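The next block holds one structure in the form of structure tokens; read it before the comments.
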Amino acid sequence: MQKNKRIVIVGATSAIAERCARVWAKDSHQEIILIGRNQEKIERVSLDLKARAPNVKITRIIADFSNPAEIQKEVDNLFNSGGVDVALIAHGFLPNQRNCEQNLNWCKEALEINAISPVLFAEAFAMRMEKYNRGTIAVIGSVAGDRGRKLNYIYGASKGLIARYLQGLQHRFADTKVKVVLIKPGPTNTPMTAHLKHSGAKLAEADYSAREIVKAIEKGRRVVYVPKIWSGIMLVIRHLPYFVFKRMSL
Amino acid sequence: MVAISSWGRLASVDHPLVEFWNCDQVRSSLKKLKTPFLAYGMARSYGDVCLNPGGTLLCTVGLDHFVAFDDINGRIICEAGVLLRDIQRLVIPRGWILPVTPGTQLVTVGGAIANDVHGKNHHALGSFGNHVVRLQVVRSDGEVIHCGPNNRADWFAATVGGMGLTGVITQVEIQLRSVAGPWLSTETVPYSNLDEFFRLADESEHEWEHTVSWVDCISGGGGRGIFTRANPSIIKDRPAPKGTKLTMPVVPPISLVNRFSLHIFNIAYYHLSMLRSGSAIKYYESVLCPLDNVLEWNRIYGPKGFFQYQSLIPREDGKEAVQAMLNEISRFGDGSFLAVLKTFGDRQPVGMMSFPQPGVTLALDFPNRDGRTEKLFQRLDSVVREAKGRLYPAKDARMPKELFAAGYPRLEEFIHYRDPGISSGFSRRLMGH
């Protein structure tokens, strides 16, 4: 693969995104641009990448993820300062479903961060990439977006929105050189899922997931489950008849 | 609750597990956590220094960020959960290497410091703590202690080798050593008794950086073995071997290591090594941590797990004591092919509770056969006690309290530096709390 890309990672302090950045840093790309919300966290990730790959330029950007004007401005700046080859949009958090059911503010925040904000970023990148007819937009969705279930449907709905949105974007760019990749990780060992481990769930390692994601982005695949086994699991879950599904405590 | 066992697999105990992902989180959350807790990394120690039955474990492997690497002066700063393997992968291509590597690189740097681990070059470079420049430790009351050999040196001495009991190590700075590449020129020499071993060890210590030997713990009265010595090679550009990883896929219903397999293995290994003795250029990992390519090898001892007995005997009585221990083991019949004999050099460790001292160390694995194994250990204990030796806490799951106190004369001093919010299975067993 071409090794001199300019890669932007939105939500770069999320565990999976950070692991992807490490893979890219090791591949000696030209520049990795980290966009995050928290100055200290971005700083930590940036120092780590600089130590790992002194020859890769690491740039940090702090932005408000829910402000369309600011998103537009930052993305425009990136294209004005040299173009973007890959944009990985990775931010998100796992809300507490019960809280969302009881407090609409929680619900709104979950939808904004997990669904609306990634779409705004992707649209901003799409606008410019369409113009130059090149680049890859990759967004981290989730297997949770494949079928709504009572234990986390607010999160699932956000990720489902991402999936449907990217489906449309893929259609829009079908005859261009712009690639659109939807990544659907299964439960992965990250801070977001710390509570799952306590219930004995088997989680994928973030380093492994990151390598798979980077590979999928290089190939420009449309939809990728990480690890692959989730493609089969979700195929079954999506097709479970409702009378079975409704009895499951998922 | 997560079921956790240490490398010896002697017991699997449910622990509440708190995971850390950055040092700020450690600083802000320790005060709020339920005590007693204990930092927990890769769980490569064999007994209970990394376990905390009834308490909480604080998982540090998420603290895996590098902070800075100065490749002009060979200084690296990183968080405590970074693995030694990852440090090596980063620094070796840029002309540096960790001065001290233990038998496995799959340990966190925090764990390596807390147990002040040693390697096959102890006689040349001391133990891991000798190369630590600075530590950041967070106490359970939220206090952050920065210490080093010349800065709050008492806290540094308590924390290096302090088994995680003085606070949670969050960040470290290490002085690396410059190296041409990851290759070692090695020489393998068979020896037929302990006299020969000590002669080889003494003559090798000045000219060879790494020395170690495999000792046959049962055949021929004990005492024969294979001596390996190595120096960094100037070879640089040879491509690293493709590491083929094997995994022990299951826990067999009984230990695959028993007196029958042991006899056959030891005879075969000794004679094969004799045939292959001589000089060779080898990749550093295959010499310094050969078992890292066999994942979960600890399963081979079956469902009851195993003990490692690692003792250190001052040099004066070293030969007699090692011979006496080998005689006991040979008579007992059980044992393992993982039997290591090595001399330690004169360099003093920096830690109050560090294991390494000038002398000779013997390390052996034993499948757990309950009372029968304990009986053997009591005999070995009496040899160690009489020779004024000590056992290695990182390997221990059963040593008697008085042997611990006798082996570690600075224990009283160390206790003043303990964090009241931290304890481990080991500390409760041997230090009262």
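Just so it is clear, the structure is predicted and the values come from calculations on it, not from any experiment. All chains are named by letter (A, B, ...) in the order of the sequence lines, taking the proteins before the strands, and each is independently numbered beginning at 1.
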Are more than 12 heavy atoms, taken from residues, nucleotides or ligands other than [X], located less than 6.0 Å from that residue's [atom1] atom?
X: A:K41; atom1: NZ; result: no
X: A:W106; atom1: CH2; result: no
X: A:K228; atom1: NZ; result: no
X: A:I229; atom1: CD1; result: no
X: B:K304; atom1: NZ; result: yes

When rounded to the nearest 0.5 angstrom, what is the spacing between [atom1] in [X] and [atom2] in [Y]?
X: A:R22; Y: B:F66; atom1: CZ; atom2: CZ; answer: 8.0 Å
X: A:E40; Y: B:N22; atom1: CD; atom2: CG; answer: 8.5 Å
X: A:E18; Y: B:H65; atom1: CD; atom2: NE2; answer: 3.0 Å
X: A:D207; Y: B:D64; atom1: CG; atom2: CG; answer: 7.5 Å

Taking all non-hydrogen atoms of both residues into account, name the closest pair between B:R94 and A:P54 and its distance.
-> NH2-CG, 3.2 Å
B:R89, part contacting chain A, at a heavy-atom distance under 4.5 Å = neither
Short N-O contact, A:R52 and B:D86, less than 4.0 angstrom | no
